[in-house]
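One structure is given here, and the rest of the page talks about it.
All values reported here derive from a predicted model rather than from experimental measurement. So you know, we letter chains A, B, ... as the sequences are listed, proteins then strands, and number each from 1.
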Amino acid sequence: MPELPEVEMRRRFVETHALSLRIKRVAVPAPSLLDGVSAQTLRRALTGQVFETTHRHGKWLFVRTSAGRWLVLHFGMTGSLGCYPTRDAAPRFVRMRFDFANGLSLAFIDPRKFGKVGLTNDVQSFLQDRRWGLDPTAPGFDRAAFHQILRGRSGLLKAVLMNQRVIAGIGNLYADEMLFQAGLHPAARVEDLKPATVDRLYDAMTEAFAASLAVDTDYERLPERFLLRHRNGAGTCPKCGGTLASLANAGRTAYYCPRHQRKRS
DNA sequence: AATTCCTCCTGATAGC
DNA sequence: TGCTATCAGGAGGAAT
């Protein structure tokens with residue numbers, strides 16, 4: 001479930017619940033989530049340290065330890081965080097657990113186990129090595145940068161928006177939201193976009209992220225005009241009240257309003 | 001370079 | 001009630 005705003009919420013969660021606490025123990029009930037490190041290496045890197053600062057890039061969350069290394073978290077489809085007293089009954093699906101000396105635990109919860117947990121010495125080189133795209137909320141990502149990124153590309157617009165090596169942080173739901181607000185059909189292609197349409201997409205992106213964060217990613221509290229509020233079940237278009245349609249491409253389901261999102265626009 | 005398909009894993013829901 | 005099929009806010013890798 002987590003896209004950029006949801007991962008940002010998890011970053012804030014770490015900030016408020018897990019900083020400056022001595023790590024007493026690291027439990028790894030689901031080693032398959034480990035990405036590029038062994039459980040032993042992870043334990044040695046973290047035990048006795050404290051988490052000091054956080055950083056988010058797209059859907060990646062980094063937490064710096066007092067030893068200077070960074071814990072790397074990716075939440076996949078169903079990853080989230082929890083904080084509770086170590087001695088309490090654990091919530092379901094705890095896949096990784098950091099027990100602090102003060103009796104609290106930070107849990108990485110992930111029913112489907114698509115998440116990843118790793119370590120890196122340097123965030124910038126981690127991002128460069130994997131060639132992730134720019135984070136749209138980072139300084140420097142402005143309208144001109146958005147135009148620059150899409151220039152010269154071709155293919156399904158939605159696939160490009162969701163390609164983390166192009167832009168880091170947009171997933172299926174926010175891509176649908178952008179297309180809806182910009183009045184573009186889910187099968188729209190990048191090479192057909194006019195500059196004014198790219199402007200609309202940029203505005204839709206920044207608005208959607210800002211609005212979502214303003215309500216702590218609780219879609220129920222979003223203004224009516226956002227598709228995110230109406231995407232479930234037999235949703236209706238917030239502009240005309242008509243029934244939303246859906247369409248699958250590359251295995252992902254797009255929801256859209258056939259009246260406002262035409263092939264040609 | 002773009003596109004499709006398959007895979008990882010588990011739970012919720014819909015249909016019979 | 002029980003079974004089965006389908007779908008889910010992600011993404012890497014292979015094949016075309």
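The separation between A:K158 atom NZ and C:dA11 atom P is 13 Å, rounded to whole Å. As a whole-Å value, the separation of A:Q164 CD from C:dG12 P is 8 Å. A:R153 places its CZ atom 12 Å from the P atom of B:dT3, with the value rounded to the nearest Å. Atom-to-atom, CZ of A:R189 to P of B:dA2 comes out at 9 Å; the value is rounded to the nearest Å. Between A:D110 atom CG and B:dC8 atom C1' the separation is 11 Å, expressed in whole Å. Look at CG on A:N163: it is 10 Å from C1' on C:dA11, rounded to the nearest Å. Protein atom CG of A:L247 is 13 Å distant from nucleotide atom P of C:dC7, rounded to whole Å. Here the P atom of nucleotide B:dC8 and the CG atom of A:L34 are 19 Å apart, to the nearest Å.
Listed by first and then second residue, the salt bridge (Lys or Arg N to Asp or Glu O under 4.0 Å) pairs involving residues 162-178 of chain A are A:K158-A:D176, A:D176-A:R231 (not counting sequence neighbours). Among residues at least two apart or in separate chains, side chain to side chain donor-acceptor pair (under 3.5 Å) pairs with a member in residues 97-107 of chain A are A:T86-A:S105, A:R97-A:D99, A:D99-A:S105. Note on residues 65-94 of chain A: no pairs pass salt bridge (Lys or Arg N to Asp or Glu O under 4.0 Å), not counting sequence neighbours.
For A:K59, there are no salt bridge (charged side-chain N to carboxylate O under 4.0 Å, His left out) partners two or more places apart in sequence or in a different chain. When the salt bridge (charged side-chain N to carboxylate O under 4.0 Å, His left out) test is applied to A:R95, no partner is found at least two apart in sequence or on another chain. Judged as a ring pair (Phe, Tyr, Trp, His ring centres under 6.0 Å), and not counting sequence neighbours, the contacts of A:F62 are A:F126. Legend: residues meeting salt bridge (charged side-chain N to carboxylate O under 4.0 Å, His left out) with A:E224, ordered by chain and number and at least two apart, are A:R229. For A:R143, the salt bridge (charged side-chain N to carboxylate O under 4.0 Å, His left out) test picks out A:D199, A:D203, with sequence neighbours left out.
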- request: Could you summarise the pairing of DNA chain B as dot-bracket text, marking Watson-Crick and G-U pairs under 3.5 Å with ( ) or [ ] inside the strand and | across strands?
  value: .|||||||.|||||||
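For the segment residues 126-136 of chain A, the set of residues with a heavy atom within less than 4.0 Å of an atom of DNA chain C comprises A:W132, in numerical order.
Nearest to the side chain of A:F114, among B:dC9, C:dG12, C:dA11, sits B:dC9.
Remark: A:F98 CZ to A:T65 OG1 distance equals 11.0 Å, nearest 0.5 Å. Taking NE2 of A:H57 as the start and CG of A:L61 as the end, the distance is 12.5 Å to the nearest 0.5 Å.
Classified by interplanar angle (parallel below 30°, tilted 30° to 60°, perpendicular above 60°), the ring pair A:H74/A:W60 is perpendicular. Using cut-offs of 30° and 60° on the angle between ring planes, the pair A:F141 and A:Y202 is parallel.
Within the 4.0 angstrom heavy-atom criterion, no nucleotide atom of any strand lies near A:S32.
A side-chain N or O of A:E15 and one of A:T54 form a donor-acceptor pair less than 3.5 Å apart.
For A:K59 and C:dA11, the shortest distance from a side-chain N or O to OP1 or OP2 is below 4.0 Å. Residue A:T253 places at least one side-chain N or O under 4.0 Å from the OP1 or OP2 atom of C:dA8.
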Name the pairs: protein N/O against N/O of nucleotides 13-16 of chain C, kept only if under 3.5 Å.
none

Name the pairs: protein N/O against N/O of nucleotides 10-12 of chain B, kept only if under 3.5 Å.
| residue | atom | partner | partner atom | Å |
| --- | --- | --- | --- | --- |
| B:dT10 | OP1 | A:K113 | NZ | 3.1 |

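Comment: A:D35 engages A:R130 in a salt bridge, judged by a side-chain N to carboxylate O separation of less than 4.0 angstrom.
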